[in-house]
Colleague: 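Below is one structure. I have some questions about it.
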Amino acid sequence: MTTLRVGRSPLRMWLVALAGVPFVVIGADFLARRRIINWLVTLVYEDRTPDAFEARDTLWAILFVLVGLVLIVFGLKELLFPRPVLLADERTSRWALRGPFRRPVEIPWDMIQSWSSAAVDDAGVARPALVLELTDRFGLPDDPWAARWSGDSTLILLSEDWEQSAEVVERALHELHASWTRPAY
């Protein structure tokens, strides 16, 4: 049985984990000794007296630490234990449309009319995507993760953080579809 598995880009997941480090460092520094914070204050204010820190600043520091930890944990989890965004075989296809820690959505092959790679406009920026034309959207989320609906039955999956490009995935899906629709001799 042939299986197609598409995951997230390891480089992007590493960068997500690294993006959390400054948040944790700055937040923890504020909550602990304030060495970095005091250096930044003297750099910004020079000889003037800075405003005193308030209770809300402590809340911001706690939020920085929490957001940083979430980014680090999510990035490392995806790096060490990657979760596929697409898993397809002869029987069905499963797509990560509900979010990072939820089960994938199963879309049977008879529900998919066609698929193609495309560049879609996302706030004025062309982003790579895989476009699925479906017979209907019954059982699929109204607000899919890393995807969006266009019309009643067109699902656009943003593929910019996939380990393979949308064009490669499109060809692999066509090859997979051809392999199980070919008559066996």
Side-chain angles (χ1 to χ4, degrees), residues 5-87 94-107 118-132 137 139-152 154-166:
R5 184 184 191 287
V6 178
R8 288 188 179 85
S9 166
L11 176 62
R12 283 190 180 259
M13 292 303 101
W14 176 245
L15 292 175
V16 165
L18 283 181
V21 172
F23 285 100
V24 172
V25 168
I26 294 295
D29 179 68
F30 184 87
L31 295 172
R33 295 196 171 177
R34 295 188 186 161
R35 288 183 179 172
I36 298 172
I37 297 293
N38 287 337
W39 175 77
L40 288 173
V41 166
T42 57
L43 184 70
V44 171
Y45 285 97
E46 293 177 353
D47 294 334
R48 293 175 288 149
T49 305
D51 296 336
F53 289 116
E54 299 176 9
R56 68 175 175 219
D57 297 326
T58 303
L59 292 176
W60 277 108
I62 292 170
L63 184 66
F64 265 52
V65 170
L66 292 176
V67 166
L69 288 175
V70 166
L71 288 172
I72 291 169
V73 168
F74 175 71
L76 291 178
K77 180 256 176 219
E78 284 295 320
L79 196 60
L80 299 173
F81 308 105
R83 177 176 171 243
V85 290
L86 163 62
L87 197 57
R94 289 171 290 287
W95 305 79
L97 296 177
R98 290 193 178 127
F101 298 107
R102 302 192 56 201
R103 293 184 58 165
V105 175
E106 186 170 321
I107 302 177
V120 296
D121 181 37
D122 185 29
V125 177
R127 302 211 186 273
L130 187 69
V131 180
L132 298 179
R137 55 195 274 185
L140 300 176
D142 290 330
D143 189 20
W145 179 268
R148 67 181 128 184
W149 289 104
S150 175
D152 288 337
T154 302
L155 183 62
I156 300 172
L157 297 124
L158 300 177
S159 62
E160 158 174 84
D161 68 340
W162 293 1
E163 60 188 354
Q164 293 122 354
S165 68

Colleague: Between Leu63 and Leu59, does the side-chain contact (heavy atoms from CB on, under 4.5 Å) criterion hold? Intermediate values first, please.
Modeller: CA-CA 6 Å; Leu63 184 66; Leu59 292 176; over 6 Å; no

Colleague: Looking at every heavy atom in both Ala166 and Ser159, which two are closest together, and how far apart are they?
Modeller: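 Heavy atoms only, the tightest pair is CB-OG, 3.3 Å.
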
Colleague: Tell me if the CG atom of Asp152 is crowded by more than 12 foreign heavy atoms within 6.0 Å.
Modeller: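 No.
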
Colleague: Restricting to non-hydrogen atoms, name the atom on Arg98 and the atom on Gly139 that form the minimum distance, rounded to 0.1 Å.
Modeller: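 Heavy atoms of Arg98 and Gly139 come nearest at NH2-O, 4.2 Å.
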
Colleague: Between atom CZ of Phe74 and atom CE of Met13, what is the distance when rounded to the nearest 0.5 Å?
Modeller: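 Output value for this atom pair is 5.0 Å.
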
Colleague: Less than 4.5 Å apart, side chain to side chain, heavy atoms only: is that true for Arg34 and Trp39?
Modeller: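 No, side chains not in contact.
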
Colleague: Please examine the side chains of Leu15 and Leu11, heavy atoms only from C-beta on, and report whether any two atoms are closer than 4.5 Å.
Modeller: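 Contact flag for Leu11/Leu15 side chains = yes.
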
Colleague: Between Trp149 and Arg137, is there a cation-pi geometry (under 6.0 Å to ring centre, at most 45° from the normal)?
Modeller: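 Relative to the ring axis of Trp149, which defines the angle, Arg137 lies inside both limits.
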
Colleague: Sequence neighbours left out, what passes side-chain hydrogen bond (donor to acceptor under 3.5 Å, both in side chains) with Thr154? Give chain and number order.
Modeller: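 Once residues adjacent in sequence are excluded, the partners of Thr154 under the side-chain hydrogen bond (donor to acceptor under 3.5 Å, both in side chains) criterion are Glu133.
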
Colleague: Measuring only between side-chain heavy atoms, which start at C-beta, is Leu31 closer than 4.5 Å to Thr58?
Modeller: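 Of all side-chain heavy-atom pairs linking Thr58 with Leu31, at least one is under 4.5 Å.
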
Colleague: Can you tell me how far CG of Leu40 sits from CZ of Arg35, rounded to the nearest 0.5 angstrom?
Modeller: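 So the CZ of Arg35 and the CG of Leu40 are separated by 14.5 Å.
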
Colleague: Within this structure, what is the CG-CG distance for the pair Leu43 and Asn38, rounded to the nearest 0.5 Å?
Modeller: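 Nearest 0.5 Å value for the CG-CG distance: 12.5 Å.
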
Colleague: With the side chain counted from C-beta on, respond yes when Leu157 and Leu97 share a heavy-atom pair under 4.5 Å apart, and no when they do not.
Modeller: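 Leu157 reaches Leu97 side chain to side chain.
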
Colleague: Would you give the length of the straight line joining atom CH2 of Trp162 to atom CG of Leu86, rounded to the nearest 0.5 angstrom?
Modeller: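 Atom-to-atom, Trp162:CH2 and Leu86:CG are 6.5 Å apart.
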
Colleague: If we only count heavy atoms from C-beta on, is the Leu158 to Val120 side-chain gap below 4.5 Å?
Modeller: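 Of all side-chain heavy-atom pairs linking Val120 with Leu158, at least one is under 4.5 Å.
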
Colleague: Spell out, as yes or no, whether a donor-acceptor pair under 3.5 Å connects the side chain of Asp57 to the backbone of Glu54.
Modeller: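 Pair found, side chain donor or acceptor close to backbone of Glu54.
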
Colleague: Is atom CZ of Phe30 surrounded by more than 12 heavy atoms (other residues, nucleotides or ligands) closer than 6.0 Å?
Modeller: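 Yes.
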
Colleague: With rounding to the nearest 0.5 angstrom, report the CD1 to CG distance, Ile107 to Leu155.
Modeller: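 Reported to 0.5 Å precision, the distance equals 6.0 Å.
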
Colleague: Looking at Ile36, is its backbone amide N or carbonyl O close enough to the side chain of Asp29 to form a donor-acceptor pair, meaning the two atoms are under 3.5 Å apart?
Modeller: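 At least one qualifying donor-acceptor pair exists.
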
Colleague: Please give me the minimum heavy-atom distance between Ile26 and Ile37, naming the atom from each residue.
Modeller: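 Scanning both residues, the minimum pair turns out to be CG2-CD1, 4.0 Å.
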
Colleague: According to the salt bridge (charged side-chain N to carboxylate O under 4.0 Å, His left out) rule, which pairs have a member within residues 7-24, sequence neighbours left out?
Modeller: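 Checked against salt bridge (charged side-chain N to carboxylate O under 4.0 Å, His left out) - neighbours excluded - the pairs reaching residues 7-24 are Arg8-Glu78, Arg8-Asp161.
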
Colleague: Assess the residue pair Asp143 and Arg148 against the criterion (side-chain contact (heavy atoms from CB on, under 4.5 Å)); give the C-alpha distance rounded to whole Å, side-chain angles, the decisive distance to 0.1 Å, and a yes or no.
Modeller: CA-CA 7 Å; Asp143 189 20; Arg148 67 181 128 184; over 6 Å; no

Colleague: Between Arg5 and Pro82, what is the shortest heavy-atom contact and its length?
Modeller: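 What the structure gives for the nearest pair is NH2-O, 3.1 Å.
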
Colleague: Taking the cut-offs as 6.0 angstrom to the six-membered ring centre and 45 degrees off its axis, would you call Arg83 and Phe81 a cation-pi pair?
Modeller: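 Geometry flag: not set, cation outside 6.0 Å or 45°.
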
Colleague: Would you say the side-chain atoms of Asp122 pair up with the backbone N or O of Arg127, donor to acceptor, closer than 3.5 Å?
Modeller: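 Checking the backbone N and O of Arg127 against the side chain of Asp122, no donor-acceptor pair under 3.5 Å is found.
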
Colleague: Would you say that Phe23 contacts Val65 through its side chain, given a criterion of any heavy-atom pair below 4.5 Å between the two side chains?
Modeller: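 Side-chain contact under 4.5 Å: no.
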
Colleague: Counting C-beta onward and ignoring hydrogens, is there a side-chain heavy-atom pair between Val105 and Arg94 closer than 4.5 Å?
Modeller: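 Side chain of Val105 against side chain of Arg94, heavy atoms only: no contact under 4.5 Å found.
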
Colleague: When you look at Trp95 and Leu130, which way does the side-chain contact (heavy atoms from CB on, under 4.5 Å) test go after all the steps?
Modeller: CA-CA 12 Å; Trp95 305 79; Leu130 187 69; 3.8 Å; yes

